[in-house]
Amino acid sequence: MDTKEKYSRYVNTAFMKKVQPVVFEKAKGSKVYDEDGKEYIDCFAGIAVTNAGHANQDIAEAAKSQMDKFFHCCSYYYYVKPVADLAEKLAGITPGRLEKTFFGNGGAEAIEGALRLAKQYTGKYEFVALQASFHGRSLATLSITGNSTRKKGGGPYMPGVAFMPPPYCYRCFFDLEYPSCKLKCARFLEETIRFSTSGSVAAFIAEPVMGEGGIIVPPKGYFEKIKEICDEHDVLFIADEVQSGFGRTGKMLAIEYWDVEPDIMVMAKGLAGGFPLSAFIARSEIADSFKPGDHLSTFGGSPISCAAGLANIEFLEKNRVPEEAAEKGAYLMDRLKGLARGHAIIGDVRGKGLMVGIELVEDRNTRVPSSLGGSIQEECRKAGILIGVGGIYGNILRIQPPLVIKKEELDTVVAHLDRILP
Ligand SMILES: Cc1ncc(COP(=O)(O)O)c(C=O)c1O
């Protein structure tokens with residue numbers, strides 16, 4: 001049996017509409033090679049993970065050097081240097097007073113921990129989240145995910161979660177326009193707390209740039225208004241940077257685009273350049289509200305992943321990768337907007353840095369979502385370009401490449417899209 005046949009017999013992929021028919025053999029930088037030697041330009045980075053490039057040498061060396069020492073010891077039972085070093089680094093690169101980190105393995109686990117910490121610190125038990133959001137696949141993270149297509153069949157979910165409309169300007173849930181809307185979607189937090197909760201709200205959680213929901217960038221002033229309302233109600237603000245972090249949006253962390261300091265920040269995906277690692281960081285007084293016995297993770301803070309994580313961040317900093325992602329992303333979006341002139345299917349091009357979405361529509365006036373996303377993804381793959389598809393209507397082409405992608409490769413991607421898009 002070959003790999004694909006073994007997958008179909010032994011790997012549970014029943015939850016996937018389709019596994020992309022590419023058997024990864026090796027990958028380097030922004031290039032992927034399948035087992036037949038076919039080369040692809042990767043515009044999805046394993047769902048926005050390998051920001052520093054596939055098989056990054058600095059990261060590989062840091063991980064190998066740790067592997068030569070030991071793999072595991074439980075980083076909460078004993079002291080481990082790479083854990084301490086990475087935690088110190090995270091305190092340095094995250095905004096304001098965020099200081100103490102808990103490490104887990106994946107995004108959902110870290111979000112779960114952040115929710116628990118918010119409850120513990122505030123003594124309150126409800127949450128406000130956004131419609132169209134995505135926070136993971138565990139019970140609590142699905143409970144705060146605002147998308148029924150992700151949740152169906154998994155309920156009943158955790159009680160005490162109120163949802164409010166997202167800052168999705170292209171499809172404003174209030175049918176308003178920025179700036180005359182005066183940020184109704186942010187101001188609505190006040191009404192949500194007042195009318196949709198019992199008033200015991202521990203935290204408001206949101207992605208600084210929404211990923212799975214369709215690469216949704218909030219308008220200027222959104223998070224400042226949100227934070228102001230949170231503060232008035234003693235509600236913590238949890239920033240879910242799982243997808244938007246580590247240079248992806250043109251800043252080390254996407255929340256830097258707004259003048260706010262989250263109370264808790266969650267990170268994963270791009271944190272360790274492809275090694276499984278997640279984290280949530282909080283101010284000391286919040287972090288210290290955990291008491292003995294309240295939290296732990298056997299594999300959390302893997303010494304190998306933490307060594308890789310530190311090398312990853314140092315690589316991003318040393319090579320000005322976030323700044324370059326900002327430039328390349330602006331260039332790409334400019335070119336895609338140019339493409340929109342000849343392709344009516346492009347309803348919107350948006351994003352920050354190299355977190356870019358192309359919203360496909362049947363008609364620009366009615367904005368009815370197009371159903372062609374999957375077939376365009378397939379045509380791209382045949383042409384040697386790997387892209388993602390997402391959004392609440394499944395009509396967003398997601399361009400989220402390794403950030404080391406070259407401008408010429410982005411030109412190739414645009415040229416293929418020009419040929420493939422109807
Ligand atoms: C914003 C956001 N939060 C949380 C998660 C969950 O992360 P993981 O799949 O590592 O559990 C994801 C995954 O896509 C995400 O995009």
Side-chain angles (χ1 to χ4, degrees), residues 24-32 42 44-94 98 100-111 113 136 241-249 251-253 265-281 297-322 324-325 354 400-405:
F24 258 61
E25 180 69 24
K26 65 177 190 198
K28 189 78 195 159
S30 52
K31 294 280 178 59
V32 165
D42 185 7
F44 207 32
I47 320 191
V49 169
T50 54
N51 294 3
H54 286 287
N56 178 291
Q57 201 53 35
D58 293 11
I59 300 175
E61 271 161 27
K64 278 182 205 158
S65 140
Q66 178 57 41
M67 277 193 265
D68 285 340
K69 294 178 189 154
F70 67 97
F71 301 173
H72 174 79
C73 65
C74 187
S75 305
Y76 297 104
Y77 230 85
Y78 306 101
Y79 293 105
V80 182
K81 186 174 180 328
V83 172
D85 292 345
L86 179 58
E88 180 188 29
K89 187 76 188 167
L90 290 180
I93 64 165
T94 51
L98 294 174
K100 280 192 179 173
T101 294
F102 177 90
F103 291 107
N105 301 280
E109 182 192 352
I111 300 273
E241 287 268 8
V242 167
Q243 187 159 154
S244 54
F246 299 97
R248 169 64 46 203
T249 66
K251 301 267 187 200
M252 185 61 86
L253 296 155
M265 177 181 281
V266 185
M267 299 157 273
K269 287 190 188 283
L271 168 57
F275 284 81
L277 185 67
S278 65
F280 59 93
I281 186 167
S297 166
T298 301
F299 288 117
S302 148
I304 302 167
S305 294
C306 285
L310 185 61
N312 175 46
I313 296 170
E314 285 173 351
F315 177 88
L316 298 177
E317 285 179 335
K318 193 172 70 198
N319 296 286
R320 300 183 68 252
V321 174
E324 289 206 354
L354 286 168
Q400 299 174 267
L403 307 179
V404 295
I405 194 166

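One is the number of the first residue; the rest follow in order along the sequence. Remember, it's a predicted structure, so these values are computed and weren't measured experimentally.
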Item to check | Sequence-distant partners of Phe299, ring pair (Phe, Tyr, Trp, His ring centres under 6.0 Å), two or more places apart | outcome: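 In terms of ring pair (Phe, Tyr, Trp, His ring centres under 6.0 Å), with neighbours along the sequence ignored, Phe299 is linked to His72.
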Minimum-distance pair of heavy atoms, taken over all atoms of [X] and [Y]:
X	Y	value
Ser297	Cys74	O-SG, 4.3 Å
Phe275	Ala308	CD1-CB, 3.5 Å
Ala45	Pro401	CB-C, 3.9 Å
Gly273	Thr50	O-CG2, 3.9 Å
Ala268	Gly106	CB-C, 4.3 Å
Ser305	Pro276	OG-O, 2.8 Å

Which value, rounded to the nearest 0.5 Å, describes the distance between [X] atom [atom1] and [Y] atom [atom2]?
X	Y	atom1	atom2	value
Phe102	Ile281	CZ	CD1	13.5 Å
Ile405	Gln400	CD1	CD	12.0 Å
Phe103	Glu109	CZ	CD	12.0 Å
Ile304	Gln66	CD1	CD	6.5 Å
Glu314	Asp58	CD	CG	9.0 Å

Under 3.5 Å, side chain of [X] to main-chain N/O of [Y], donor-acceptor pair present?
X	Y	answer
Ser278	Asn105	yes
Arg248	Pro322	no
Asn312	Ile59	no
Asn56	Gly274	no
Asn51	Gly247	no
Lys269	Gly107	no

Item to check | Working for side-chain contact (heavy atoms from CB on, under 4.5 Å), residues Met265 and Phe280 | outcome: CA-CA 5 Å; Met265 177 181 281; Phe280 59 93; over 6 Å; no
Next on the checklist: Taking CZ in Phe70 as the centre, count heavy atoms belonging to other residues, nucleotides or ligands within less than 6.0 Å. Is the count above 12?
Outcome noted: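 It does: Phe70 CZ has more than 12 such atoms within range.
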Next on the checklist: Apply side-chain contact (heavy atoms from CB on, under 4.5 Å) to residues Cys306 and Val80 and explain how you reach the verdict.
Outcome noted: CA-CA 10 Å; Cys306 285; Val80 182; over 6 Å; no
Next on the checklist: Please enumerate all residues that pass side chain to side chain donor-acceptor pair (under 3.5 Å) together with Lys251, with sequence neighbours excluded.
Outcome noted: none
Checklist entry - Can you check side-chain contact (heavy atoms from CB on, under 4.5 Å) on Ile313 and Met252, steps first, answer last? => result CA-CA 9 Å; Ile313 296 170; Met252 185 61 86; 4.0 Å; yes
Compile the donor-acceptor pairs under 3.5 Å between side chains in residues 83-91 and protein atoms, sequence neighbours left out, one pair per line.
from  : atom 1 : to     : atom 2 : distance (Å)
Asp85 : OD2    : Lys81  : NZ     : 2.7
Lys89 : NZ     : Glu317 : OE1    : 2.8
Lys89 : NZ     : Glu317 : OE2    : 3.4

Item to check | Phe315 vs Val404, side-chain contact (heavy atoms from CB on, under 4.5 Å): CA-CA, chis, key distance, verdict | outcome: CA-CA 11 Å; Phe315 177 88; Val404 295; 4.2 Å; yes
